[in-house]
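Heads up: the structure comes next, in structure tokens.
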Amino acid sequence: MRRVLAVACAAASLSACAFPTRNPATLHAIRSEAAALMATHPVKPPNDWANVPEKQWPAAIASLKPEHVTVYRWGVDIVVKPSFDGGWGYQIARNRKDLPNPQGCYSKVYGGVFWYGPC
């Protein structure tokens, strides 16, 4: 019985996490679509961000089934699993050094596309 409970707990904790796609074609499309969103959703004062309505999500980004997509001055944040501690998702920065979280929070999944999770 303890073994069954341990396996059930392990499965529940894994299902709480999110994992990035590793498909190069999808990641390339995400990077391109993020660049287009930065061009079409300029960040204007007084805000430091522009929320992208779900109806305006490009195909590859929408295929990730994100909770929300936001354009910031530094780049695009695609949150796929929100959490009180930051959640999981993709960030595509105009410049790598401008990513807002500590470096240890990221893994590079494709040129210019970074996966993040709670740090």
Side-chain angles (χ1 to χ4, degrees):
M1 182 66 176
R2 287 184 183 165
R3 184 177 292 171
V4 172
L5 183 57
V7 170
C9 289
S13 66
L14 280 176
S15 67
C17 298
F19 298 97
T21 182
R22 298 289 182 188
N23 182 306
T26 301
L27 292 165
H28 178 80
I30 290 166
R31 184 179 66 188
S32 297
E33 290 174 356
L37 289 176
M38 287 185 261
T40 60
H41 292 78
V43 177
K44 298 176 185 171
N47 296 328
D48 287 331
W49 70 90
N51 288 319
V52 181
E54 185 174 353
K55 293 177 189 175
Q56 296 176 14
W57 294 349
I61 290 175
S63 76
L64 302 171
K65 297 181 175 55
E67 289 290 323
H68 52 87
V69 177
T70 308
V71 177
Y72 290 93
R73 293 191 189 286
W74 56 262
V76 176
D77 185 26
I78 303 166
V79 178
V80 296
K81 184 163 181 69
S83 178
F84 69 92
D85 54 2
W88 293 265
Y90 300 87
Q91 290 184 341
I92 302 89
R94 297 175 195 274
N95 187 319
R96 167 80 162 106
K97 67 179 176 52
D98 294 335
L99 288 170
N101 296 328
Q103 295 301 313
C105 297
Y106 294 102
S107 61
K108 184 176 178 181
V109 291
Y110 189 78
V113 180
F114 299 87
W115 174 256
Y116 68 90
C119 307

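The structure presented is a predicted model; accordingly, all values stated were derived computationally and were not measured. One is the number of the first residue; the rest follow in order along the sequence.
- Summarising the geometry of Val80 relative to Ala18, their closest heavy-atom pair is CG2-CB, 4.2 Å, with the distance given to 0.1 Å.
- If you take CD1 on Ile78 and CD1 on Ile30, they are separated by 6.0 Å, rounding to the nearest 0.5 Å.
- Residues Pro20 and Val109 meet the side-chain proximity criterion, which asks for heavy atoms closer than 4.5 Å.
- A side-chain N or O of Asp77 and one of Tyr116 form a donor-acceptor pair less than 3.5 Å apart.
- Taking the side chain as every heavy atom from C-beta outward, Val52 and Thr70 never approach each other to under 4.5 Å.
- When all heavy atoms of Trp88 and Ser83 are compared, the closest pair comes out as CZ3-CB, 4.1 Å.
- Checking His41 against Gln56 by side-chain atom types alone, a donor-acceptor pair falls below 3.5 Å.
- Linking Ile, Leu, Val, Met, Phe, Trp and Tyr whenever their side-chain heavy atoms come within less than 4.5 Å puts Trp57 and Val43 in one cluster.
- What you find for Asn101 and Tyr106 is that their closest heavy atoms are N-OH, 3.1 Å.
- Without hydrogens or angle criteria, Asn95 side chain to Asp98 main chain gives no donor-acceptor distance under 3.5 Å.
- How far CG of Leu64 is from NZ of Lys81: 15.0 Å, rounded to the nearest 0.5 Å.
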Given Val69 and Val76, is the side-chain contact (heavy atoms from CB on, under 4.5 Å) satisfied, shown in steps? CA-CA 7 Å; Val69 177; Val76 176; 4.1 Å; yes

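- The heavy-atom pair separating Pro82 from Glu67 by the smallest distance is CD-CG, 3.1 Å.
- The line from CD1 of Ile61 to OG of Ser32 is 9.5 Å long, rounded to the nearest 0.5 Å.
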Mind running side-chain contact (heavy atoms from CB on, under 4.5 Å) on Arg96 and Phe114 for me, showing each step along the way? CA-CA 9 Å; Arg96 167 80 162 106; Phe114 299 87; 2.9 Å; yes

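- Distance alone, capped at 3.5 Å, is enough to place a donor-acceptor pair between the Glu33 side chain and the Ala60 backbone.
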Carefully, step by step, assess Asn51 and His68 under the rule side-chain contact (heavy atoms from CB on, under 4.5 Å). CA-CA 8 Å; Asn51 288 319; His68 52 87; 5.5 Å; no

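- One N or O on the side chain of Arg31 and one on the backbone of Gly111 form a donor-acceptor pair closer than 3.5 Å.
- Shortest non-hydrogen contact noted between Tyr72 and Arg94 is O-NH2, 3.9 Å.
- Once rounded to the nearest 0.5 Å, the distance linking CE of Met38 with CH2 of Trp74 reads 9.0 Å.
- Taking CD of Gln103 as the start and NZ of Lys97 as the end, the distance is 11.5 Å to the nearest 0.5 Å.
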Check step by step if side-chain contact (heavy atoms from CB on, under 4.5 Å) holds for Tyr110 and Arg22. CA-CA 8 Å; Tyr110 189 78; Arg22 298 289 182 188; over 6 Å; no

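- Considering every non-hydrogen atom in both Thr21 and Tyr90, the closest pair reads N-OH, 2.7 Å.
- Here the side chains of Gln91 and Pro100 are in contact, with some heavy-atom distance below 4.5 Å.
- Distance alone, capped at 3.5 Å, places no donor-acceptor pair between the Trp115 side chain and the Phe19 backbone.
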